[in-house]
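Letters A, B, ... mirror the listed sequences (proteins, then strands); counts begin at 1. What you see is a predicted model, and the numbers here were worked out from it, not measured in a lab.
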Amino acid sequence: MSEYSLNDLKKISYKIRMNVIEQVYHAASGHPGGSLSSADIFTVLYFSEMNVDPKNPKWEERDRFVLSKGHCSPALYATLAEKGFFPKEDLSTFRQADSYLEGHPNMTYVPGVDMSTGSLGQGISAAVGMALAGKLDKKDYRVYALLGDGELQEGQVWEALMAAAHYKLDNMVAFLDYNRLQIDGKITEVMSPEPVADKFEAFGWKVINAFGHDHQQLKEALAEAKKTKGKPTMIIAHTTKGKGVSFMEDAAGWHGTAPNKEQRDQAIAELNAVVLELEGK
Amino acid sequence: MGDKIATREAYGSALAEFGGDNRIVVLDADLSKSTKTDTFKKKYPERFINMGIAEANMMATAAGLASCGKIVFASSFAMFAAGRAFEQVRNSICYPRLNVKIGATHAGITVGEDGASHQAIEDIAIMRAVPNMVVLSPSDAVETRHAVKAAIEHDGPVYLRLGRLAVPALYSEENFTFELGKGITVAEGTDVTIIATGLMVHTAVAAKEILAGEGIQARVIDIHTIKPIDQGIILKAAKETGAIVTAEEHNVIGGLGSAVAEVLIQNCPVPLKMIGVQDKFGKSGKPDKLLEMYGLTANDIVSQVKEVLKLKNK
Ligand SMILES: Cc1ncc(C[n+]2csc(CCOP(=O)(O)OP(=O)(O)O)c2C)c(N)n1
Ligand SMILES: [Mg+2]
């Protein structure tokens, strides 16, 4: 795999963010907040970490990714399109009746999607299954999953974490998008999952904290996970919901709301300014 | 005509309206703005409990509250209320016949853009298959208000199926009566009967008008209580009109059509056609576009009426 510089990665992460905004704007529905908060995790996974082949999406030896918080499909689709799994033009059909880009990821129709998700708490279990299959088949592929912090309230998440540790699935890494918000407000006010790090540890996972918008830190965390034997790794990515668009940052109201034309224009201008700056323009 | 109001909206308003009864407790699972239980929450914050994104836990918690004398409304999307928490509903609520009302919003394909993962098309089937469960599926705001009232008055589990999409008024408060387990004859007719529930009652009325233009007099029946189903109104329609078409925003397997077929086949078999989702998953898209794609329009009803009339006149 070609090496991307940190500068390249940052540019990619902002292009992904722009395409998140465009998709949600065109669909007039969808989830910008958690898509923007996880854009850097997607960037590092698909452009620095994962062994995948856009020409052969079902390649058996590929690393797997499960978007357990399936509502953040805009970030996944933008990433897959950026990587070349399907044409970027298709992104503007997101959530429309004649499109294959379903509101929540569908593995049957979207090249590069490894698991159909959307119902919170289930994707992480599917990732456990993929990691178990890797062990059974003595394959080297690794399995990655992305959880929301509100999603941690689903009891099934903890059943999955228990199983992954029990079977010593060191071929598995989960990210927590720790943006502290869910739909009805702050996670600590709705139903606190705290203390999350202690809980993950008590459930038998290796825990690494990282600033979720720092690509270098995310890369280092992934390298450490690879060295960790006998247990799965949880990377707690400290993030800001809506990251990159000033008026969406840290605002629960932008969880599942689409921008209007004016808001879309402002968001794109802010994000594009970062890309231009990185290009030295 | 008046303003269009979604049945979930009317549900939230009814909870606030009838929520003065101190025994009423409302639970939600991080969707209070969508299920509209936040309307109740604003008025009675002390009796609103957010359970977080944990539907299975919410349902069994509701059972515990009910066992201590509370009248509990537990809300989420139909997918997660009936689907995710199915077995908690079955074993902790219905088996002990506890006083829990499940306010299940976003039922059917008119959820729209969220797509198949969020479109419950099997909830009527699984909820009506559980002993002790009452299944309500109102079609407009007025009927929803009365359904909520009836649910409060009924001692035992109730599943309330509600929609996301705003719908016009079918009824007005003056001279509207709601009786649990009794269907409503929305329009008289002698040639054929269209039996519908929820959103599709509106579509059935539109179909009736098209048919009238072609000289076919269709009776329209609104089945707001899918269980216990009104056998009397169905059998009367079978005897008087000799042919039936059912219409529901649900899979054709196990829903209203199946419930009507169970009544007919055992008592008075007449030709029957079923309009519904044809055993396929939903998808993302605008609600109206999806209704077209999935064959749930007035014209679809009209063509099935013509088919069933061919069988009747054979
Ligand atoms: C089982 C289930 N219950 C409810 C929902 C509705 N829902 C979609 S997103 C969401 C909040 C998720 O919050 P979080 O996990 O923190 O996601 P993020 O902040 O990363 O967007 C909820 C309740 C769902 N998709 N699945
Ligand atoms: Mg969150």
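In terms of heavy-atom pairs under 4.5 Å with chain A, the best-connected choice from B/Ala54, B/Ala56, B/Gly115, B/Gly112 is B/Ala54. No other option in B/Glu113, B/Glu55, B/Lys289 has as many heavy-atom pairs under 4.5 Å with chain A as B/Glu113. Of all the listed residues (A/Gly150, A/Gly103, A/Ala97), the one sharing the greatest number of non-hydrogen pairs under 4.5 Å with chain B is A/Ala97.
Contacts between A/Glu151 and chain B at a heavy-atom distance below 4.5 Å involve the backbone alone (N, CA, C, O). Contacts of B/Lys33 with chain A are made by both backbone and side-chain atoms, with heavy-atom separations under 4.5 Å. Only the side chain of A/His31 has a heavy atom closer than 4.5 Å to any heavy atom of chain B. For A/Ser192, no part lies near chain B; criterion is any non-hydrogen pair under 4.5 Å.
Considering NE2 of A/His104 and CD of B/Gln119, their distance stands at 10.5 Å, rounded to 0.5 Å. For the atom pair CG (A/Leu120) and CG (B/Asp30), the distance works out to 9.0 Å, reported to the nearest 0.5 Å. Rounding to the nearest 0.5 angstrom, the gap separating the CE atom in A/Met191 from the CG atom in B/Asn57 is 7.0 Å.
The number of heavy-atom neighbours closer than 6.0 Å to CZ of B/Phe18, taken from other residues, nucleotides and ligands shown, is above 12. Annotation: B/Arg90, atom CZ; neighbour count of heavy atoms from other residues, nucleotides and ligands within 6.0 Å does not exceed 12. Counting heavy-atom neighbours within 6.0 Å of A/Phe247 CZ, excluding the residue itself, gives a total above 12. Residue B/Glu46 places its CD atom among more than 12 non-hydrogen atoms of other residues, nucleotides or ligands, all under 6.0 Å distant.
Between B/Arg84 and A/Gln122 the shortest side-chain heavy-atom distance falls below 4.5 Å. With a 4.5 Å cut-off on side-chain heavy atoms, B/Asp114 and A/Arg95 count as touching. Between A/Ser119 and B/Met79 the shortest side-chain heavy-atom distance does not fall below 4.5 Å.
The main-chain N or O of A/Ser99 is found under 3.5 Å from a side-chain atom of B/Lys283 such that the two form a donor-acceptor pair. Between the side chain of A/Glu102 and the backbone N or O of B/Ser284, at least one donor-acceptor pair lies under 3.5 Å. With hydrogens and angles disregarded, no donor-acceptor distance shorter than 3.5 Å links the side chain of B/Lys286 to the backbone of A/Gln96.
Put simply, the residue from B/Asn50, B/Ile53, B/Asp28 that forms a side-chain contact (heavy atoms from CB on, under 4.5 Å) with A/Val190 is B/Asn50.
When all heavy atoms are compared, the tightest approach of B/Ser117 to A/Gly118 is OG-CA, 4.1 Å.
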